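Okay, so here's the structure we're looking at.
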Amino acid sequence: MNPRAIYVHAPFCRRRCAYCDFAVTVAADADPRTWAEAVALELVAVAARERWSLPLKPHTLYVGGGTPSLFGAAGMAALRHALADTVDLSGVKEWTAEANPESFDLAVARGWVDAGVNRLSLGAQTFHAPALRWMGRLHGPDGPARALEAAREAGITNISLDLIFGLPERLGRDWGRDLDCALRLEPTHLSLYGLTAEPGTPLGRWVAEGRERLADGDGYAEDYLLAAGRLGDGGWDHYEVSNFCRPGWPSHHNEAYWDGTPYVGLGPGAHSFAGSRRWWNLRDWRAYRSAVERGEAPAAGAETVSGETRALEELWLGLRTAAGVDLVDETEITIARGWVNAGLALFTSGARVRLTAEGWLLLDRLAVELSASGGRDARREGAGRAATATGMEN
């Protein structure tokens, strides 16, 4: 079960955004070598525990954050050097690194390309200046255009933009205009995220104290469906609930999360999955670094995902993609037929169903509804008994 996808978390940011609940350490600058060496130590400890054979030979590598571009031009080279003995990067088809516009320029882009990065994920979020200030972002509306120009001059043509919808109405942000601004930059990929008020974030406190109101359910749905319609009409593939791409340009790394491919997450707060096991790391950078320097795998917790839980998870992951899921019995087909009649789903071939944009707004409810029919659990239990009888692992 050697992982075929590697995620590396760079936890440093100059400022924490109002909505952010990621594992982030605020720092004016960050040392890429210290971070990369800590990540390499973690991989050695985890590989020994999991009995993985080294070097790993991943298909994808994704460096997220935090703000990886805060490391500057040398950041990705430092990571490649630190992992040289434990990861064979020769077979990596997609190396993505995240950046914020204010810390990404031509020098950084060229340094990343030299290290092997071939895909950029840029946190634009919005092109509306008051909304950027409200979020706590450090770039202005023109920042994404300058960053994309630098990326392309350095040779990176596979570029994804992140945008956030469902902002408070009082900010006056025009979501349709934001989509227009993003499309004028001609990225290959868009990731659209609905704003949520997570406990412990400044935004979470503002909402709990009644100082801020998020978009209501109707406003959230209106934004989402506007994007889905406009991008669909423009020839974009809506290949996952939150993700759109130009034909042929999906995020191959993210596809590993959705199809059950084993993956390892390195760095503070990162998650990993292999076989039926999932584990997640300590979130605090200092605690994480201390653990790996002692030769320990820095896990904060772990779980075994099997039985009904695994069946529901596989169903939910399948329904969140355009590939959809195969229905296992007549009861599931009847349930799905009701969704189709309500405009929430489509039959794509035989007994295979996928959700529409309207259905994706109800993803959690529909997954539970299908899971509750029981046929999927029975099929999984039967497969488990057969595997045990033949000496195979379930």
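Remember, predicted model here, so these are calculated numbers, not experimental data.
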Query - Arg286 CZ: over 12 foreign heavy atoms closer than 6.0 Å - result: no
Requested in this report: Answer yes or no: are there more than 12 heavy-atom neighbours, outside Glu149 itself, under 6.0 Å from its atom CD?
Outcome: no
Report summary line: When rounded to the nearest 0.5 Å, the distance separating NZ of Lys57 from CD1 of Ile6 is 12.5 Å
Requested in this report: Kindly compute the distance separating OG (Ser69) from CD (Glu102), expressed to the nearest 0.5 Å.
Outcome: 6.5 Å
Query raised in the report: Got a sec: does the CD of Glu186 have more than 12 other heavy atoms crowding it under 6.0 Å?
Result: no
Report task. Report yes or no: do His9 and Tyr288 form a side-chain donor-acceptor pair below 3.5 Å? Result -> no
Query - salt bridge (charged side-chain N to carboxylate O under 4.0 Å, His left out) evaluation trace for Asp180 with Arg230 - result: CA-CA 10 Å; Asp180 290 339; Arg230 182 170 299 183; 2.9 Å; yes
Query raised in the report: Would you find more than 12 non-hydrogen atoms of other residues, nucleotides or ligands less than 6.0 Å from His81 atom NE2?
Result: no
Requested in this report: To the nearest 0.5 Å, tell me how far Trp360 CH2 sits from Leu225 CG.
Outcome: 11.5 Å
Report task. With the side chain counted from C-beta on, respond yes when Leu43 and Val87 share a heavy-atom pair under 4.5 Å apart, and no when they do not. Result -> yes
Query raised in the report: Distance from Leu163 atom CG to Ser191 atom OG, nearest 0.5 Å?
Result: 9.0 Å
**Report entry** Gap between atom CD of Glu240 and atom CZ of Arg320 - 0.5 Å precision
**Finding:** 4.0 Å
Query raised in the report: Under a 4.5 Å cut-off applied to non-hydrogen side-chain atoms, are Val63 and Trp95 in contact?
Result: yes
Report task. In sequence, state the C-alpha distance, the side-chain angles, and the governing distance for Arg277 and Glu303, and then conclude on salt bridge (charged side-chain N to carboxylate O under 4.0 Å, His left out). Result -> CA-CA 6 Å; Arg277 293 188 61 249; Glu303 62 183 354; over 6 Å; no
Query raised in the report: Shortest non-hydrogen contact from Pro187 to Arg152?
Result: N-NH2, 4.0 Å
Query raised in the report: Is the charged tip of Arg213 near the ring of Trp206: under 6.0 Å from the six-membered ring centre and within 45° of its axis?
Result: no
Query raised in the report: Which of parallel (below 30°), tilted (30 to 60°) and perpendicular (above 60°) describes Trp175 and Phe165?
Result: tilted
Query raised in the report: Do the side chains of Asn281 and Pro268 get nearer than 4.5 Å, heavy atoms only?
Result: no
Requested in this report: Count the heavy atoms of every other residue, nucleotide or ligand shown that sit under 6.0 Å from CG of Asp85, and state whether that count exceeds 12.
Outcome: no
